[in-house]
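I have placed the structure first, in the form of structure tokens, so that the comments after it can refer back to it.
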Amino acid sequence: MLALGIETSCDETAVALLSFSDGNARLICEEVSSQFEVHKAYGGVVPELASREHLRNLPLLLDGVLARGACRLEDLAVIGVTGGPGLKGCLLMGISFAKGLALPSALPLLEVNHIEAHLLAACLDNPDLRYPFLSLIVSGGHTEIHEVHGLGQYRLVARTMDDAAGEAFDKSANLLGYDYPGGAALAALADSYGKSEIRLPRVMREAEGFSFSGLKTAISLAVQERKGALSDPAVKGSLASAIQEAIVDALIFKLKQAVKKSGIRQISLAGGVSANQCLRRRMGELKGCQAYFPAAEHCMDNAAMVAYAAVLRFAAGQRGAGEIQARSSWPVESLRPPQVQLE
Ligand code: KG4
Ligand code: ZN
């Protein structure tokens, strides 16, 4: 069967086509339109602008995917659309568009939890990954660790109480003079510098969740103290390296705790920050554990993971859930395994 996925929860518009048979998923094609250029000048995502971009991009991406996949709407078995969590206006664009496709042809339309889609993305690209596994989602909007025991069976281990790790990277990068989102640029500078002699405080290790706000203040002070010397590449590189180490250290520390507590030794990573080389390298500190990464294009927001989550639930018997709401908050641990529903 064929599934179409639609993702508009933040600043990526994405549409993907996936085939599924005998429990095996195969991505046929996908289109993503990122909005970095649109939001760069504002130092962060402007929801109203993002919504307008989604509205403009969705029909173009859909046409591209259907043409590349040589597929018509009538060939689809199910459509999955992100229902949350995310920016409400952005979600509404995707939901309205999906409804417009599904209703006239009475196609089943499933709302997909964006975090569930991220959690499952590792399985799409690593068919050998089996439940249970731990998943660390680290992006510009999310920083959380979950135990994944099966479809719709998630246990929250830790979530950020303030900023997301990507946000900490981006805000720090901004202090060093990089445009939004500067996380990857800061990471590149840090890697080229090597080990820093600056030591930033380690973030609240004893707390249940992640917290980056104290670190943010320390980073801001450290940059302020060296304000006049930022044009010196060594000073800037040293700061970047210290910042990266401190953020990654918080992620690794909580992962180690999660492994110890759960006994689960398979770990998947998702979200834009999972591209970070220092984080990937330091995963090696988790002795006896196997790390799984979705393909680079499926670490960040994408629609292949949405189509995949939808088709897994559809194949397990779930059908449309009535009115689809755009939800800014939708904890993934509130989900349940699919219930078989009558047609
Ligand atoms: O998942 P994602 O593509 O999108 C959203 O969060 O919406 O994640 C983007 C985040 C940004 O904060 C970006 O700066 C960060 O991922 N990022 C990185 C790296 N590449 C992307 N952070 C650190 N190191 C990287 N190599
Ligand atoms: Zn995401």
Side-chain angles (χ1 to χ4, degrees), residues 5-14 32-36 38-40 43-47 50 53-54 82-87 90-91 94 112-122 135-144 146 159-160 163-176 178-192 212 216 219 240-241 243-252 268-283 293-306 308-309 327-330 332:
I6 297 173
E7 158 64 37
T8 62
S9 65
C10 189
D11 59 344
E12 258 101 22
T13 322
V32 184
S33 170
S34 293
Q35 304 176 6
F36 290 144
V38 177
H39 303 287
K40 204 166 77 176
V45 177
V46 183
E53 286 295 306
H54 290 313
T82 303
L87 299 169
C90 293
L91 292 164
V112 170
N113 180 295
H114 180 81
I115 300 297
E116 175 172 64
H118 269 307
L119 292 176
L120 298 172
S135 182
L136 169 69
I137 302 180
V138 263
S139 71
H142 312 284
T143 298
E144 41 200 82
H146 295 271
R159 172 176 284 148
T160 184
D163 284 356
E167 222 174 334
F169 266 107
D170 293 342
K171 287 179 178 169
S172 307
N174 186 257
L175 291 174
L176 295 185
Y178 291 105
D179 279 343
Y180 170 84
L186 184 148
L189 179 63
D191 290 343
S192 69
F212 292 100
K216 198 168 67 180
I219 291 172
S241 170
I243 293 165
Q244 171 166 269
E245 275 301 331
I247 298 173
V248 170
D249 199 67
L251 302 175
I252 294 292
S268 82
L269 264 69
V273 181
S274 65
N276 186 275
Q277 291 305 317
C278 173
L279 173 61
R280 289 187 175 217
R281 210 170 40 244
R282 290 198 54 192
M283 289 294 291
F293 300 95
E297 63 276 22
H298 300 149
C299 282
M300 48 186 234
D301 289 351
N302 67 89
M305 67 181 192
V306 176
Y308 184 58
R327 308 189 219 193
S328 49
S329 163
W330 186 9
V332 71

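We use all heavy atoms of the structure for the numbers below, so side chains are in, but hydrogens, waters and symmetry mates are not. Remember, it's 1-based here, ligands and their atoms both numbered in the order they're listed.
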Under 3.5 Å, is there a donor-acceptor pair between the [X] and [Y] side chains?
| X | Y | answer |
| --- | --- | --- |
| Glu7 | Ser9 | yes |
| His118 | Asp301 | yes |
| Glu297 | Asn302 | no |

Can you tell me how far the [atom1] atom of [X] sits from the [atom2] atom of [Y], to the nearest 0.5 Å?
| X | Y | atom1 | atom2 | answer |
| --- | --- | --- | --- | --- |
| Gln244 | Gln277 | CD | CD | 9.5 Å |
| Glu245 | Cys278 | CD | SG | 4.5 Å |
| Ser34 | Asp11 | OG | CG | 7.0 Å |
| Ile247 | Phe169 | CD1 | CZ | 4.5 Å |
| His54 | Thr13 | NE2 | OG1 | 4.5 Å |

Could you confirm whether Cys10 has any N/O/S atom lying under 2.8 Å from the Zn ion (ligand 2)?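 No - counting backbone and side chain alike, Cys10 has no N, O or S atom under 2.8 Å.
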
Could you tell me whether the Zn ion (ligand 2) has an N, O or S atom of His114 under 2.8 Å away? yes

Which residue supplies the protein heavy atom nearest to [atom], what is that atom called, and how far is it?
| atom | value |
| --- | --- |
| atom 15 (C) of ligand 1 | Val273 CG2, 3.9 Å |
| atom 24 (N) of ligand 1 | Asn276 ND2, 2.9 Å |
| atom 7 (O) of ligand 1 | Asp301 OD2, 3.5 Å |
| atom 2 (P) of ligand 1 | Gly272 N, 3.6 Å |

I want to know if ligand 1 touches [X] in the polar sense, i.e. an N/O pair below 3.5 angstrom.
| X | result |
| --- | --- |
| Glu167 | no |
| Gly166 | yes |
| Gly140 | yes |
| Gly182 | no |

With atom 18 (C) of ligand 1 as the reference point, say which of Cys278, Ala296, Ala184, Ser274 has the nearest heavy atom. Ala184

Rounded to 10 degrees, what angle sits at the Zn ion (ligand 2) between His118 NE2 and Asp301 OD1?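 NE2 of His118 and OD1 of Asp301 make an angle of 90° at the Zn ion (ligand 2), to the nearest 10°.
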
Considering only heavy atoms, does Asp170 approach ligand 1 within less than 4.0 Å through its side chain, its backbone, both, or neither?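 It is the side chain that gets close, since no backbone atom is under 4.0 Å.
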
Would you kindly specify which portion of Ala187 sits under 4.0 Å from ligand 1, judged on non-hydrogen atoms: side chain, backbone, both or neither?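 For Ala187, only side-chain atoms sit under 4.0 Å from ligand 1.
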
Please check if the distance between the ring centroids of His142 and His114 is under 6.0 Å. yes

Could you check Leu119, Leu269, Val332, Leu120 and say which one makes a side-chain contact (heavy atoms from CB on, under 4.5 Å) with Ser135? Leu119

Run the numbers for me: atoms of ligand 1, each under 4.0 Å from some heavy atom of [X], listed by number.
| X | result |
| --- | --- |
| Met300 | 1 (O), 3 (O) |
| Gly141 | 6 (O) |
| Asp11 | 7 (O) |

Could you pull out the closest heavy-atom pair between Cys10 and Val45, with the gap in Å?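 The answer is SG-CG2, 4.2 Å.
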
